[in-house]
2 protein chains.
Amino acid sequence: MNKKGKGEKSERILDVAEELFALHGYDGVTMRQISTGAQVDVALANYHFGKKLDVFYAVFNRRAALLSDTRRELLLKSQQDATEKPQTLEQIIAAFLLPLKFAQETGDPGWKNYMALLAYVMTSPIWSKKLMKDNFDKRVVEFIEALKLAFPKAKEEDIHWCYHYVSGALALTLAQTGRIDRLSGGLCLSADFDAAYDRMIPFVAAGFREVCGGK
Amino acid sequence: MNKKGKGEKSERILDVAEELFALHGYDGVTMRQISTGAQVDVALANYHFGKKLDVFYAVFNRRAALLSDTRRELLLKSQQDATEKPQTLEQIIAAFLLPLKFAQETGDPGWKNYMALLAYVMTSPIWSKKLMKDNFDKRVVEFIEALKLAFPKAKEEDIHWCYHYVSGALALTLAQTGRIDRLSGGLCLSADFDAAYDRMIPFVAAGFREVCGGK
DNA sequence: CACTATATTCAACAAGTGTTGAATTGGCAA
DNA sequence: TTGCCAATTCAACACTTGTTGAATATAGTG
């Protein structure tokens with residue numbers, strides 16, 4: 001038996017819920033769709049997690065800490081390895097973005113769904129307020145502090161807005177809407193996270209330097 | 001009587017639906033919430049627009065063309081006014097972003113809701129496919145063509161990815177999640193579109209030049 | 001074996017869902 | 001007035017929703 005007393009059906013429920021919530025949003029998914037997809041009775045999700053809202057929270061929380069912690073590790077590591085006094089801007093941005101790329105490379109298809117779910121939460125006025133604060137904000141302020149050190153002369157508002165643009169570019173990438181596939185005629189693929197992140201880092205780094213001060 | 005045979009109650013339905021859909025998404029809104037908000041019988045929305053899905057489409061289409069057309073106007077105007085052969089990168093980006101700023105400045109509170117709805121559609125894998133193609137894609141390819149002229153040596157994929165980042169930064173701004181308000185401690189405001197666009201243009205312009213080739 | 005706790009299913013409820021056909025209103029033309 | 005058509009409401013339908021208490025299965029322990 002599992003250590004936490006929850007079997008494999010319990011995780012199948014979360015996996016299916018993750019996929020469905022990412023695709024249709026919270027209200028677009030029914031408990032019966034989840035239980036059918038997990039080949040499980042409709043009452044089982046309630047037994048394990050509580051109400052529908054708790055299922056949603058369980059799905060979101062399952063991978064949130066892992067993602068946020070990896071960000072912290074990379075940020076601290078780059079601070080230690082840095083030869084220069086403050087770490088470079090590219091290092092900060094990479095520490096922020098690469099954990100998502102790494103998660104994708106694990107091969108676990110659940111991460112792909114979770115990223116779309118994360119984009120859904122990030123761009124929703126309601127869920128953003130409820131979920132981002134507890135799971136991500138504490139680590140995000142560490143990044144903003146690092147950015148302040150990298151741009152000591154910059155106005156604080158400029159740094160916040162620039163971070164906001166990075167967050168937006170990231171969110172749309174995570175959403176995997178397939179729009180870039182259509183607009184580019186198949187030249188670019190939403191699923192190609194390597195291509196997305198490799199260009200995103202120099203793109204936003206240049207934007208930061210332009211807005212937040214020279215050098 | 002109205003020219004199209006639809007009275008003011010008809011528009012009140014669209015206004016309320018616009019606000020609710022922007023906040024809760026398609027499945028998070030019921031016909032009764034809409035009709036109650038519009039102080040109208042629940043059957044009236046069906047009479048005017050058809051099914052619930054048609055109400056959603058009516059809301060989205062109402063302002064889509066106006067927005068897309070203004071983009072085209074600004075782009076053509078900047079092409080004519082340009083002294084240099086190809087217009088500057090900043091002019092292209094401004095033509096893409098400013099129509100949203102202008103719409104905001106009309107004072108019509110409906111635009112604020114519509115922008116959040118637009119962000120919801122842009123970041124949704126499902127709605128993006130169904131709605132963006134018919135309403136925006138034709139004009140977007142014109143912008144990408146203009147960008148190709150501005151960066152004749154750039155690889156086509158780079159241009160598409162950079163446009164993708166702009167689109168993401170814009171989407172998160174339109175969403176008005178209030179997250180930047182919280183992270184900045186009230187220093188930046190989601191509702192302050194002036195602040196958002198004034199910095200977004202130099203930010204993404206610098207990113208384009210970095211990724212898509214010098215100069 | 002029996003006992004127990006957990007995991008899972010069964011069956012059903014009350015409330016809410018989108019949708020529709022019939023009935024009612026209101027204004028305008030003949 | 002009468003007739004007519006669009007706008008609006010009324011009332012109800014069949015169906016789906018989340019949730020729950022009881023019943024059953026399962027597995028580990030003594």
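Applying the salt bridge (Lys or Arg N to Asp or Glu O under 4.0 Å) test to every pair with at least one member in residues 158-168 of chain A, sequence neighbours left out, gives these pairs: A/Asp158-B/Arg199. Residue pairs meeting the side chain to side chain donor-acceptor pair (under 3.5 Å) criterion with at least one member in residues 32-45 of chain B, sequence neighbours excluded, do not occur. Sorted by first then second residue, the ring-ring contact (aromatic ring centres under 6.0 Å, His included) pairs that include residues 169-188 of chain B, not counting sequence neighbours, number zero.
DNA chain D is contacted by A/Val29, A/Thr30, A/Met31, A/Arg32 of residues 22-35 of chain A, taking any non-hydrogen atom closer than 4.0 Å.
With sequence neighbours excluded, the residues satisfying side-chain contact (heavy atoms from CB on, under 4.5 Å) with B/Asp137 are A/Arg179, A/Leu183, B/Met132, B/Lys133. In this structure B/Asn61 satisfies the side-chain hydrogen bond (donor to acceptor under 3.5 Å, both in side chains) test together with B/Asn135, sequence neighbours excluded. For B/Lys148, the side-chain contact (heavy atoms from CB on, under 4.5 Å) partners at least two apart in sequence or on another chain are B/Ile144, B/Glu145, B/Glu156, B/Ile159. Qualifying side-chain contact (heavy atoms from CB on, under 4.5 Å) partners for B/Pro202, counting only residues two or more places apart in sequence or in other chains: A/Glu210, A/Val211. Residues passing the salt bridge (charged side-chain N to carboxylate O under 4.0 Å, His left out) test with A/Asp194 are A/Lys101, sequence neighbours excluded.
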Polar atom pairs (N or O), protein with nucleotides 9-11 of chain D, under 3.5 Å:
unit_1, atom_1, unit_2, atom_2, d
D/dT9, OP1, B/Lys9, NZ, 3.3
D/dT9, OP2, B/Asp41, N, 3.0

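Paired runs in DNA chain D that reach 3 or more consecutive Watson-Crick or G-U pairs, where each pair keeps both distances under 3.5 Å, cover C:1-30 with D:1-30.
D/dT20 atom C1' lies 9 Å from atom NZ of A/Lys51, rounded to whole Å. The CZ-P distance, from A/Phe49 to D/dT19, rounds to 14 Å in whole Å. The distance between atom CG of B/Asp54 and atom C1' of C/dT19, rounded to the nearest whole Å, is 12 Å. Computed from coordinates, the A/Lys52 NZ to D/dG18 P distance equals 5 Å when rounded to whole Å. Following rounding to the nearest Å, B/Leu53 (CG) and C/dG18 (P) show an atom-to-atom distance of 12 Å.
No salt bridge links B/Lys52 with B/Asp27; every basic N to acidic carboxylate O contact stays at or beyond 4.0 Å.
Side-chain rings of B/Trp161 and A/Phe203 stay apart, their centers remaining 6.0 Å or farther from each other.
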With a cut-off of 3.5 Å and sequence neighbours excluded, list every side-chain donor-acceptor pair involving residues 63-71 of chain A.
unit_1, atom_1, unit_2, atom_2, d
A/Arg63, NE, A/Glu18, OE2, 2.8
A/Arg63, NH1, A/Asp108, OD2, 3.1
A/Arg63, NH2, A/Glu18, OE1, 3.1
A/Asp69, OD1, A/Arg139, NH1, 2.6
A/Thr70, OG1, A/Leu66, O, 2.7
A/Arg71, NE, A/Phe96, O, 2.9

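Dashed line: the shortest gap from a side-chain N or O of A/His48 to OP1 or OP2 of C/dT8 is under 4.0 Å.
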